[in-house]
Amino acid sequence: MVIDGHTAVCGLIGNPVAHTRSPLIHNGLAKELSVNLCYEAFPVTEENVGDAVKGAYALGILGLNVTVPHKERVIPYLKDMDGLAKKIGAVNTLVRTTDGYKGYNTDMPGLYRAMLSDGIKADGEKVIILGAGGVARAVAVMLADKAEQIYILNRTLEKAEKIALEVNSYCDRKVATAMELTDYKKLAGSKYLVIQATNVGMHPNCDRTPIEEDAFYEMVKAGYDLIYNPAETLFMKKVKMAGGEAYNGLKMLLYQGIIAFELWTGSKVSETVAGKIYDRLKESI
Ligand code: NAP
């Protein structure tokens, strides 16, 4: 691609950002769709988030992705926020408007699009979420009006309780229940959709999974690990060994990027192009 005076600039702010795959996604999409846009990763420390957002706007930057640890910290510097981002309380995409950036959360629509593309629907399902961090909370918010029941299992019970309370407060029924990790034994049946949203099992600690006992995996119909490095986590191996379907978080990463790119450029990314970028992402892991 030739960078010229018309090239739109987008990027990622976070800390650290050196290992990000987002430039691969966005520069790849720009090339495939012949959009004059380039994407760069910018390491930004905590105390510089406000200056970074204001500076980016002053420089005419079209859009930014925001990653750990700034997804909440960036909010005071926005002019506006999309409804879903407000509900989740975290922003991963900034879109330029006439008087500042508008914040969106494309992580959750990204996960949902990834699940649909893998043929997994949460509608009417009994869902177990492992973890109660930022992403687990967002998953619970997103699935609250879709799932039949959501069980949030976390090492620190209080964090799961806080999420369950919040989710139930805006649902007209008690959809979410907080439990400790070992409490899976209290659940009946064997048809659960499990979203693995802890960071246990992430490279280089690939021999770990938040629940070790094989009995748990007998309950899993489909398992979605939000980790994508390694490509097959121990959680996924155990789900498959017990006869369930298992997926990693690479498609979530892909689709959160695609939705951000669509917001910035107004273009629509076809499944053929998405597939090409996905293959490149897989090769990069
Ligand atoms: P976070 O806020 O730091 O939460 C981490 C969670 O993991 C907490 O529930 C924590 O439990 C649990 N945990 C950590 N160590 C544990 C251990 N040894 N045993 C049991 N539980 C443990 O992290 P996050 O931002 O929500 O991210 C969660 C995961 O999502 C990460 O793996 C991240 O890579 C992944 N992710 C994927 C994508 C994607 O596009 N695929 C995007 C964003 C995030 P406690 O509450 O007890 O500490």
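Start at 1 and go down the list; that is how both ligands and their atoms are numbered. All values reported here derive from a predicted model rather than from experimental measurement.
- Below 3.5 Å of separation, one finds no N or O of K71 facing any N or O of ligand 1.
- Taking the ring axis of Y77 as reference, the NZ or CZ atom of K54 does not stay both within 45° of it and closer than 6.0 Å to the ring centre.
- No heavy atom of R137 sits closer than 4.0 Å to any atom of ligand 1.
- Heavy-atom contacts of M202 reach the following atoms of ligand 1: 31 (C), 32 (O), 33 (C), 34 (O) (cutoff under 4.0 Å).
- Side chain of R21 to backbone of L254: no donor-acceptor contact under 3.5 angstrom is found.
- Taking only nitrogen or oxygen atoms, main chain and side chain alike, L226 reaches within less than 3.5 Å of ligand 1.
- The heavy atom nearest to atom 40 (O) of ligand 1, out of those in V200, L253, L254, N205, is found in L253.
- Counting atoms of ligand 1 from 1 in the listed order, those under 4.0 Å from a heavy atom of G131 are 9 (O).
- Taking the charged nitrogens against the carboxylate oxygens, E245 and K221 have no contact shorter than 4.0 Å, which rules out a salt bridge.
- Atoms of ligand 1 found under 4.0 Å from any heavy atom of G249 (numbered from 1 in listed order, with element): 39 (C), 41 (N).
- Within the 4.0 Å heavy-atom cutoff, P210 does not count among the residues contacting ligand 1.
- Taking every heavy atom of K159 and a limit of under 4.0 angstrom, the matching atoms of ligand 1 come to 45 (P), 46 (O), 48 (O).
- In terms of the side-chain contact (heavy atoms from CB on, under 4.5 Å) criterion, residue partners of T97 (sequence neighbours excluded) are, by chain and number, D99, K102.
- Residue I227 places a heavy atom under 4.0 Å from ligand 1.
- A continuous path of Ile, Leu, Val, Met, Phe, Trp and Tyr side chains, each step under 4.5 Å between heavy atoms, connects V141 with M108, placing both in one hydrophobic cluster.
- Counting heavy atoms from C-beta on, the side chains of V175 and N168 come closer than 4.5 Å.
- There is no side-chain donor-acceptor pair under 3.5 Å between S117 and Y278.
- For ligand 1, the atoms sitting less than 4.0 Å from at least one non-hydrogen atom of G134 are 2 (O), 26 (O), numbered in the order shown with element in parentheses.
- For atom 11 (O) of ligand 1, the closest heavy atom belonging to the protein is N154 OD1, 3.3 Å.
- If you number the atoms of ligand 1 from 1 as listed, the ones under 4.0 Å from a heavy atom of A132 come out as 9 (O).
- Between Y39 and W264, the ring planes lie tilted relative to each other; the angle falls in the 30° to 60° range.
- Each of the atoms 41 (N) of ligand 1 lies under 4.0 Å from some heavy atom of Y228.
- The closest non-hydrogen atom to atom 15 (N) of ligand 1, taken over L250, N248, T198, N199, comes from N199.
- Looking at N229 and H19, their side chains never bring a donor and an acceptor atom within 3.5 Å of each other.
- Checked for salt-bridge contact, E262 and R113 meet the test: a charged N lies under 4.0 Å from a carboxylate O.
- Each of the following atoms of ligand 1 lies closer than 4.0 Å to a heavy atom of R208: 18 (N).
- Summarising the contacts of atom 48 (O) of ligand 1 with R21, R155, M108, E180, the nearest heavy atom is found in R155.
- Counting only heavy atoms of the protein, atom 43 (C) of ligand 1 lies nearest to V135 CG2, 3.8 Å.
- Nearest to atom 45 (P) of ligand 1 by heavy atom, out of V68, I195, T156, is T156.
- Distance alone, capped at 3.5 Å, places no donor-acceptor pair between the N248 side chain and the E232 backbone.
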Could you list the donor-acceptor pairs under 3.5 angstrom formed by side chains in residues 150-163, with sequence neighbours left out?
residue: N154; atom: OD1; partner: A132; partner atom: N; Å: 3.2
residue: N154; atom: ND2; partner: T156; partner atom: O; Å: 3.1

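- If you check the side chains of T233 and D225, you find a donor sitting under 3.5 Å from an acceptor.
- Among all non-hydrogen protein atoms, the one lying nearest atom 28 (C) of ligand 1 is A197 O, 3.2 Å.
- Within the 4.0 Å heavy-atom shell around ligand 1 one does not find Q256.
- Side chains of T106 and N92: a donor on one and an acceptor on the other come within 3.5 Å.
- In terms of protein heavy-atom proximity, atom 39 (C) of ligand 1 is closest to M252 SD, 3.6 Å.
- For atom 4 (O) of ligand 1, the closest non-hydrogen atom of the protein is G133 CA, 3.4 Å.
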